[in-house]
Amino acid sequence: MTTHTTTTTHTTAAAPLAPVEEARQVRRRRRLAPGRRLPTTRLIGPAVVLALWVVASAAGLLDPSAIPAPWTVLETGSRLWDAGTLPDDILTSLQRAATGFAIGLTGGILLALASGLTRTGEALIDGTVNLNRAIPTLGLIPLFILWLGIGETFKIAIIAIVVYIPIYLNTHAALSGIDSRFVELAEVQDLSKVQFIRQVVIPGALPGFFVGLRLGVTGSWLGLVVLEQINATSGLGYMMFQAQNYGQTDVILVGLVVYGVFGLLSDSAVRIIERRVLSWRRTLSS
Amino acid sequence: MAPHTEQLTRPAVQLRGLTRSFEGRTVLDGIDLDLPAGQLTALLGHSGSGKSTLLRAIAGLDHGVTGSGQLSAPERVSVVFQDSRLLPWRRVLANVLLGLDGKDAERRGREALEEVGLKGRERAWPGELSGGEAQRAALARSLVREPELLLADEPFGALDALTRIRMHGLLRELWERHRPSVLLVTHDVDEAIVLADRVLVLDQGRIGLDLTIDRAHPRSYRDPLLGEYRERLLAALGVTEDHR
């Protein structure tokens, strides 16, 4: 109540002092930053594409043998699911991606720690990994088939390599790029080497690690698509490769949709974990 | 805790012929200096006069710097930097407790935060603090270790004028309560006069002036008698009337 009265007296008292004409001279600056982000705006783009696809198919503008209608793809998908082949293929692909990813993740982290925290490790590892990076990993497929046979091992090995490289690079860069001011602080506070690594270096390197992790997750799916289309006897890629031989575009689209959904899901999962682990960062950006 | 009298008999910091050089350029040129225990000393100098080099030498942070001379400093030394240097991924209390362990560490950390006026901000992230609050947290982090010697490298240099005045009061208050030896590196003559019992001017790698300021605390920035000290310090820093 009291606040209300003070406000009124304030405005009436201030009015004669600040004429309206003067107030109007204050020009509001042009806003250069984009406006506030709406919650689900990211989904608008894909929804528009889907709508266009539906409309064009219904209007008969698309050749069904080149691009089948969305409902055809759905029907094929549920038919393959009921027949049991689709769940089998998805499971095989998921297993490959997950195993390769797990090995690549572990390898990337261990190598980055060894190379980022010790000079000996850096001398031995960093150059070697960069050499490995310079060789296109998919170019290793023929050699790996000769070494490991055409079974599961070589596929998992290739995926692991595709995954470990971005994780290593980003984690190593973050570990060795630790702010020298924080190193000095750790010295002043008499931290032991172990405390320094656990309380300063590793938390400081986590943002870089997560960049690598997201690239690695995407990489595992990319590697999988290629591997399963070249040398596979099962899995989503194999299913699509077979469909190509029989001209079943709807089956190919089912495969693409599944790949897309899993890629999106795994990336979102990493982002949710990232936001939780790096919750201290939100206070800066908000 | 060692008895007070014993602390007063032996200087906290003793430098004999301390020399430091970077790439052939002599920054500290044979400094002899005693800092008595429990005294608040300010070290003035131009930028590049070697005051930070001296502080870092005493803190034992000058790895790979060439130099000679003798240096003795207490076991428990804390450093406050110009930036608060709080780890952004640790909450304020965890930052204060960095490197501290033991059962009552947390209680001491909370007490230290209360002393600097940050009670209730224990669980805040450093990114949520204002510049003055962050520097208070940094002070708490150095105090919680009960230092015998507190080295402060332009601790208020990045703060606005009003916050700086408030921090001067806080530092003096904390010093009176805990009585560590303090070496305050600053380029602000008024800050040195208001806070310190003794002001040193570092000039070309040597102590150019050693001035004891014998005035009661709290001192006012407008005290005319302090003007005399200001003139002498400015003269030692090479600032004369024509320059102003």
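Numbered from 1 within each chain, the chains take letters A, B, ... in sequence-line order.
Contact of B:Arg141 with chain A is made through backbone and side chain together, with heavy-atom distances under 4.5 Å.
With a 6.0 Å radius and a threshold of 12 heavy atoms from other residues, nucleotides or ligands, B:Glu173 has its CD atom above the threshold. The 12-atom threshold is not exceeded at CZ of B:Arg123, counting heavy atoms of other residues, nucleotides or ligands nearer than 6.0 Å. Under a cut-off of 6.0 angstrom, the local environment of CD in B:Gln70 is sparse, with at most 12 non-hydrogen atoms contributed by other residues, nucleotides or ligands.
Residues of residues 185-210 of chain A that come closer than 4.5 Å to chain B, counting heavy atoms only, are A:Leu185, A:Glu187, A:Val188, A:Gln189, A:Asp190, A:Leu191, A:Gln195, A:Gln199, A:Val200, A:Pro203, A:Gly204, ordered by residue number. Residues of residues 96-109 of chain B that come closer than 4.5 Å to chain A, counting heavy atoms only, are B:Leu98, B:Gly99, B:Asp101, ordered by residue number.
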Exercise for the section: Begin with the C-alpha distance, continue with both residues' side-chain angles, and end with the deciding distance and a verdict on side chain to side chain contact (heavy atoms under 4.5 Å, CB included) for A:Arg281 and B:Trp89. Expected result: CA-CA 8 Å; A:Arg281 282 187 132 199; B:Trp89 49 84; over 6 Å; no
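Contact annotation: the side chain of B:Arg90 never approaches that of A:Trp280 to less than 4.5 Å [non-hydrogen atoms, C-beta and beyond]. Considering only heavy atoms from C-beta on, B:Trp125 comes within 4.5 Å of A:Ser279 through its side chain.
Put simply, CD on B:Gln82 and CZ on A:Arg181 are 10.5 Å apart, with the number rounded to the nearest 0.5 Å.
Looking only at distances, no side-chain donor or acceptor of B:Arg85 sits under 3.5 Å from a matching main-chain atom of A:Phe182.
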